[in-house]
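Worksheet: the structure to be examined is printed underneath.
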Amino acid sequence: MNGEERKTSTTTIFLIVSFAIVIVLIIFALIPSIPSTQSTKSSLSLKFIGNTSLKSNNYFNLDFTIVNTYDVPLENVKVWVEAGKLFSISSNPLTNLTTLKSFSIIHPKANVTYFFGNVKIEKVDSEMKNIPILLKVLYNPRISKNFTINVVNNNSLQLYGGTQNMGIKEKRIGKSPLDISFSFDSKNFVFEEVKRNVASFKLIIENLGGGTCISEIDIKLLSNNNLICSYNNNKLIAPFEISVKSAKKLEIPCNYTLSYLKEKDFDSVASNIQLSCNYLESRTFYFNIVP
């Protein structure tokens, strides 16, 4: 009798463990399908205020709210709409020539209203669905990041807290269409005569916004002349300004000269980088038209 009870108990435990393993495997299988919030792109908040169901041979208002969801100001903002020939203003199609409006600046978290009244809906004889109107916003984001380059003579390294305090220390700029970061190894910022005379790193510029730069990206880097970068085989000695081709991700190799630390224990160099470009975001809104 006791043998049968032990057998039943062993079987029950085996089933429970097996069931638990299956649950764990299912959970791990589902994890990759969960989107990562860290890699989610940001964009402006663009909202249409009004009814998207329209009556043909009539008029309606284009009323949009544009919210700057970034943590940087947007300057020289230009807004317009584009659509097909079913919509018109004073018998003119909706284009950047007929609907353009400008705003000098939109501060972070602030909003503006883009409004055009009395937009004519052409006459149609049958219902038409999902007719698009494109809202386009062109602006210049004001992006600036302060960073500090900490370098040390190996003979004095422990007096300054070790390698954890060396390298590039960044000040966060918050959410921005273009992100600035640095790729480096803090050990490279320790000067050792003969063995290490320069600290190599990469300046990384990445498009994390909801649109794209339609012009070159203007870069202004302020630091001392020990900082030297390279782009298209051109040697760039700080401080420098340069325009680079727009891309989803740019990696610019740089070196910081360490040899001057022969006569110095430690140095902390305040630096700054500024970016600008003509950045375009757009959103498509769909309307239904009934006769």
Please lay out, stage by stage, how Thr284 and Ile133 fare under the test side chain to side chain contact (heavy atoms under 4.5 Å, CB included).
-> CA-CA 6 Å; Thr284 303; Ile133 293 180; over 6 Å; no

Ignoring hydrogens and angles, state whether a donor on the side chain of Ser268 or Asn150 is under 3.5 Å from an acceptor on the partner side chain.
-> yes

Lys264 meets the salt bridge (charged side-chain N to carboxylate O under 4.0 Å, His left out) criterion, sequence neighbours left out, with Asp267

Ser243 versus Asp218, side-chain donor and acceptor atoms under 3.5 Å | yes

Under the 3.5 angstrom rule, does the side chain of Arg283 hit a backbone N or O of Leu44 as a donor-acceptor pair?
-> yes

Would the number of heavy atoms belonging to other residues, nucleotides or ligands and lying under 6.0 Å from NZ of Lys202 be above 12?
-> no

Can you run down the side-chain hydrogen bond (donor to acceptor under 3.5 Å, both in side chains) pairs that involve residues 124-134, sequence neighbours left out, and say none if there aren't any?
-> Lys123-Asp125

Note, Val137 side chain near Phe103 side chain (heavy atom, < 4.5 Å) | no

For Tyr279, check ring-ring contact (aromatic ring centres under 6.0 Å, His included) against everything at least two apart and list the hits.
-> Tyr139

Ion pair Glu122/Lys85, N-O distance below 4.0 Å | no

Taking everything shown except Lys187 itself, do over 12 heavy atoms lie less than 6.0 Å from its NZ?
-> no

Compute whether any side-chain donor of one residue and acceptor of the other, for Tyr260 and Asn197, lie under 3.5 angstrom apart.
-> no

Can you sort out the partners of Asn155 under side chain to side chain contact (heavy atoms under 4.5 Å, CB included), two or more places apart, ordered by chain and number?
-> Asn153

Take Leu86 and Met128, measure what side chain to side chain contact (heavy atoms under 4.5 Å, CB included) needs, and give me the verdict at the end.
-> CA-CA 10 Å; Leu86 290 176; Met128 302 188 71; 4.0 Å; yes

Any chance the side chains of Asp71 and Ser176 put a donor and an acceptor closer than 3.5 Å?
-> no

Charged N-O contact under 4.0 Å between Lys262 and Glu193 = yes

With sequence neighbours excluded, residues passing side chain to side chain contact (heavy atoms under 4.5 Å, CB included) with Ser223 = Ile149, Leu221, Leu227, Ala238, Val269, Ser271

Ignoring hydrogens and geometry, is there a side-chain-to-backbone donor-acceptor pair from Ser90 to Asn92 under 3.5 Å?
-> no

What ring pair (Phe, Tyr, Trp, His ring centres under 6.0 Å) pairs are there with at least one residue in residues 157-176, not counting sequence neighbours?
-> Tyr160-Phe266

Looking only at atom types and distance, does a side-chain atom of Lys109 sit under 3.5 Å from a main-chain N or O of Thr69, one as donor and one as acceptor?
-> yes

Under 3.5 Å, is there a donor-acceptor pair between the Ser156 and Asp265 side chains?
-> yes

Please examine the side chains of Ile168 and Phe189, heavy atoms only from C-beta on, and report whether any two atoms are closer than 4.5 Å.
-> yes

Leu62 side, atom CG; Ile49 side, atom CD1 - distance, nearest 0.5 Å = 12.0 Å

Test side chain to side chain contact (heavy atoms under 4.5 Å, CB included) applied to Ala110 - qualifying residues, sequence neighbours left out = Ile106, His107

For the pair Ser186 (side chain) and Gly167 (backbone), establish whether a donor and an acceptor sit closer than 3.5 Å, ignoring hydrogens and angles.
-> no

Grouping ILVMFWY residues whenever side-chain heavy atoms fall under 4.5 Å, the cluster of Ile228 otherwise contains Ile237

For Glu206 and Lys248, run salt bridge (charged side-chain N to carboxylate O under 4.0 Å, His left out): C-alpha distance rounded to whole Å, both residues' side-chain angles, the deciding distance at 0.1 Å, then the answer.
-> CA-CA 6 Å; Glu206 191 170 4; Lys248 184 177 180 181; over 6 Å; no

Give the table of side-chain donor-acceptor pairs shorter than 3.5 Å for residues 75-84, with sequence neighbours excluded, one pair per line with atom names and distance.
| residue | atom | partner | partner atom | Å |
| --- | --- | --- | --- | --- |
| Glu75 | OE2 | Arg142 | NE | 2.8 |
| Glu75 | OE2 | Arg142 | NH2 | 2.3 |
| Trp80 | NE1 | Glu82 | OE2 | 3.0 |
| Glu82 | OE1 | Lys136 | NZ | 3.4 |

Go through Asn61 and Phe115 one step at a time and tell me if the side chain to side chain contact (heavy atoms under 4.5 Å, CB included) criterion holds.
-> CA-CA 7 Å; Asn61 295 330; Phe115 180 87; 3.7 Å; yes

Across all chains, not counting sequence neighbours, the ring-ring contact (aromatic ring centres under 6.0 Å, His included) partners of Tyr114 are Phe116

Output every pair passing disulfide (SG to SG under 2.5 Å) with a member in residues 148-246, not counting sequence neighbours, ordered by first then second residue.
-> Cys213-Cys277, Cys229-Cys254

Side chain to side chain donor-acceptor pair (under 3.5 Å) involving Asn255 - partner list, sequence neighbours excluded | Ser200

side-chain contact (heavy atoms from CB on, under 4.5 Å) with Ile219: of Leu236, Val244, Ile180, Leu250, only one passes, and it is Val244

